[in-house]
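Heavy atoms only: backbone and side chains are in, while hydrogens, waters and symmetry mates are out. Everything numeric in this text was worked out from a predicted model, so none of it was measured. All ligand and atom numbering here is 1-based and tracks the order in the structure.
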Amino acid sequence: MSPRPDLGPWPHLGYAASRIDRAAEKRSDAEALRALETDATARWYVLGGELVAMRKSASTLDPLFERAAAHDLGPAGPQSVFLGMMDGAPRFALSIEAAAMEALKGRDDYEISDLRTIAVRGMVDDVHLPPLAEGKSLLVWHSRRRFCSNCGGQTRVVDAGWRRDCPSCKMQHFPRTDPVVIMLAIDGERCILGRSGRFASNSWSCLAGFVEPGETFEDAVRREVREETSIVCGQVKYFRSQPWPFPSSLMIGCHAQALSHELVIDHNELEGARWFDREEVASMLARAHPDGLITPVPVAIAYHIIREWVENGVDFD
Ligand SMILES: [Zn+2]
């Protein structure tokens, strides 16, 4: 058996480890918010649909804009939201109309890209990814919740973008976060990786699925693995979580103890799934697999879940 490849230092998990202090107590204080908006250190992230605006400078891309510059980028979309304080400076996110964002693509002084590409390519400093994720999820929620889901009336924004109220039926609407379990089912020295039709043909990853109402995330892990592969799992161990702003998921990363062996693939969910031994997965993480098979990019939690097992193993009681 060849020695396991050195994978180097652990990469940053995208959209995680936010340095934002959300300062929630300021959201309902109109006077404090006005002061924050006019603070000399206040800056805005500018988004439009899936896209983020960045200003080009000599060697970097800067996603932060002063208030006037942010509003100058195009007609404001549905909302501006207060994200919180970063190192003592107020941070906001503003949506501009998608057409205005598209128009900026033709400008030499701006770079326009989607948030997934920005993270994968490391286009901005890592410190910006969590507030961009926060802003994008919030702004997408606003764009889809202009009307009350209870009575159909028009809702209005309150709490600096953190709630929408319905004046007709008095219902309060809060931004949503959708929990998704993402897991590696393990049997000793081997694990199950799957691939969906959306993946590149050589790419294999963890299984994943939405948590359903009335379900713990441990039960969701066991149900999803069984539905997709027919494998029965026992213990489930939580590993880490990751905001995934496409548009508002929270990925709950787990390792699961596989108790059965025979895979029966649900081809409505997966194009394929199979057992991989630990050495083969190590070569995939290192981009050194003889057939070119790969695991997901390091900004995604799947990479971290897989690497944790490969390098450190997972003990089930
Ligand atoms: Zn209503």
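- Taking a 6.0 Å sphere around CZ of Arg223, one finds it holds more than 12 heavy atoms contributed by other residues, nucleotides or ligands.
- Annotation for Arg176: atom CZ does not count as buried by contact number, only 12 or fewer foreign heavy atoms lying within 6.0 Å.
- You'll find the side chain of Cys151 reaches within 4.5 Å of the side chain of Cys166, heavy atoms only.
- Heavy-atom contacts from other residues, nucleotides or ligands closer than 6.0 Å to CD of Glu262 number 12 or fewer.
- Salt bridge annotation for Glu50-Lys136: present, with a cationic side-chain nitrogen under 4.0 angstrom from a carboxylate oxygen.
- Looking at Arg91 and His128, their side chains never bring a donor and an acceptor atom within 3.5 Å of each other.
- Tally of protein N, O or S atoms closer to the Zn ion (ligand 1) than 2.8 Å: 4.
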